[in-house]
Amino acid sequence: MQFVDEASIIVEAGKGGNGCLSFRREKFVPKGGPDGGDGGHGGSVYLIGDESLNTLIDFKYQRFYKAQNGQPGQGRQMSGKGGDDLHVKVPVGTTLIDEDTLEVIADVTEPGQVVLVAQGGRRGLGNIHFKSSTNRAPRRTTPGTEGERRNLRLEMKVMADVGLLGMPNAGKSTLIRSVSAAKPKVANYPFTTLVPNLGVVKLGMHEHFVMADVPGLIEGASEGAGLGLRFLKHLTRTRLLLHVVDVAPFDESDPVDAAQAIINELEQFSATLAERPRWLVLNKLDLLPEDERESRVDEIVSRLAWDGPVHRISAISGDGTQALVQAVYRWLTEQRRLEAEDETAAEHERDMRARMEAEAVARAESRLSRKRKRDEDEDDDFDDDDYDVEVEYVQ
């Protein structure tokens, strides 16, 4: 199945039914009266989080979603039937943005979470509501109101606790294959990972966490090189980043330069995401002679001026991977405990998430403004004069 993590759709709620203009006419009832019923309310549009979905591909082929209109009222004080609501399923982890106002409507982070995105129109009133002592035969009704119509942008970010970060061929896919049941493609050429992959890392009966592997970055990704920074947004929901570094690149490039390039691209993408806790994971140590391993590790750590946790692994053989995932699980457990018991820690986490969402909205606004400018530039290429024809008469 094709992986699609961004989509634009149009949602439209149903129109409310009009009120009815009617008068009672019955045998043996010499004086009738108004009996026009109300219209039905228009149906609303709701989006619902569904954990069985992992892509927005359905919205690539169907972009317009409309709820039912309410039916008009009838005589004998009969109200029209309300329009059925429309429920649209979206993957858990989807952010809903109004494209016109750039307002973040909601963040669907739980299965079954229901979000109202377009309110149905109100019903119209029948003439029975307007009778009075001075107006026994009102001919007044009200029409139903139009339902809301919205242009929405859906952005899906995978739900994971830990994110893998690094250059292409650093061994991220091999690592997630080694510690989970995920089976991303692994090959000896760059960019074998083209879409994010999720893996559940299990340590015990009730001990597990979710790890995300995203396509590798290269220097210049912030300017569109390689696959760009598009998939980095999937790491904004993680609590911990594992920076995987190939200590023995096949092209004999400098691992320190590669690591520094990733750090620079991360800061270009999101200053807040760059503040997330990040561990250094030195991979492919099995490719180095045993007597050189420790000196290579010390050199990389020293040149990067790294003062955080450092883990030495070989993803393909599994050396050091269990120690890594156990340390990750302990760290995640402690973080959750801190946030549950310490309001300051919880507020810090909420603040980071809010800042990353604000950055996401700013990126969306920038993309939309560039698109509008392109559209305007294309329109400027044509004007009425382009179709004027000068006719020269030759005698």
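Positions are given from 1 along the sequence. Computed from a predicted model, the values in this text were never measured in an experiment.
Classification of E339 and R239 as a salt-bridged pair holds, one side-chain N sitting under 4.0 Å from a carboxylate O. Classification of D286 and R293 as a salt-bridged pair fails, no side-chain N sitting under 4.0 Å from a carboxylate O. Salt bridge absent: E359 and R355 never bring a charged side-chain N and a carboxylate O closer than 4.0 Å. Ion pairing of R24 with D35 is absent here, as no side-chain N (NZ or NE/NH1/NH2) approaches a carboxylate O to less than 4.0 Å. The pair R153-E6 counts as a salt bridge, with a side-chain nitrogen and a carboxylate oxygen less than 4.0 angstrom apart.
Looking at heavy atoms from C-beta onward, D298 lies in side-chain contact with E294 at the 4.5 angstrom threshold. Inter-residue side-chain proximity for L47 and V108 is flagged as unmet; no heavy-atom pair is nearer than 4.5 Å. The closest side-chain heavy-atom distance from V214 to L164 is not below 4.5 Å. Side-chain contact check for L266 versus L273: some heavy-atom pair is nearer than 4.5 Å. Considering only heavy atoms from C-beta on, L165 comes within 4.5 Å of L235 through its side chain. D246 places none of its side-chain heavy atoms less than 4.5 Å from the side chain of N283. Side-chain contact between L282 and I313 is absent, with no heavy atoms from C-beta onward closer than 4.5 Å. Side-chain contact between V162 and F209 is present, with heavy atoms from C-beta onward closer than 4.5 Å.
The environment of CZ in R76 is sparse: at most 12 heavy-atom neighbours from other residues, nucleotides or ligands sit within 6.0 Å. More than 12 heavy atoms of other residues, nucleotides or ligands lie within 6.0 Å of NE2 in H87, so this atom counts as buried by the packing criterion.
A distance of 11.0 Å separates CG of N18 from CG of L125, quoted to the nearest 0.5 Å.
Side-chain N/O atoms of S173 and D213 include a donor and acceptor closer than 3.5 Å. In this model, no donor atom of one side chain and acceptor atom of the other lie less than 3.5 Å apart for T94 and E155. There is no side-chain donor-acceptor pair under 3.5 Å between D319 and S314. Inspection of the N69 and K66 side chains reveals an N or O donor paired with an N or O acceptor under 3.5 Å. Looking only at atom types and distance, the side chain of N264 has no donor-acceptor partner in the side chain of Q268 under 3.5 Å away. Side-chain contact, T141 with N127: no donor N or O sits under 3.5 Å from an acceptor N or O.
Proximity of the aromatic rings of Y65 and F59 is defined here by a centroid distance below 6.0 angstrom, and this criterion is met. Taking the ring centroids of H243 and W279, they lie at or beyond the 6.0 Å cut-off.
The two residues V245 and A259 make their nearest non-hydrogen contact at CG2-CB, 4.0 Å.
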Please tabulate, for side-chain N and O atoms in residues 96-107, each donor-acceptor pair with protein atoms closer than 3.5 Å (sequence neighbours left out).
from: D98; atom 1: OD1; to: D100; atom 2: N; distance (Å): 2.9
from: D98; atom 1: OD1; to: T101; atom 2: N; distance (Å): 3.3
from: D98; atom 1: OD2; to: R150; atom 2: NE; distance (Å): 3.2
from: E99; atom 1: OE2; to: S8; atom 2: OG; distance (Å): 2.8
from: D100; atom 1: OD2; to: N151; atom 2: ND2; distance (Å): 3.2
from: T101; atom 1: OG1; to: E103; atom 2: N; distance (Å): 3.3
from: D107; atom 1: OD1; to: T95; atom 2: OG1; distance (Å): 2.8
from: D107; atom 1: OD1; to: R237; atom 2: NH2; distance (Å): 2.8
from: D107; atom 1: OD2; to: R237; atom 2: NH1; distance (Å): 3.0

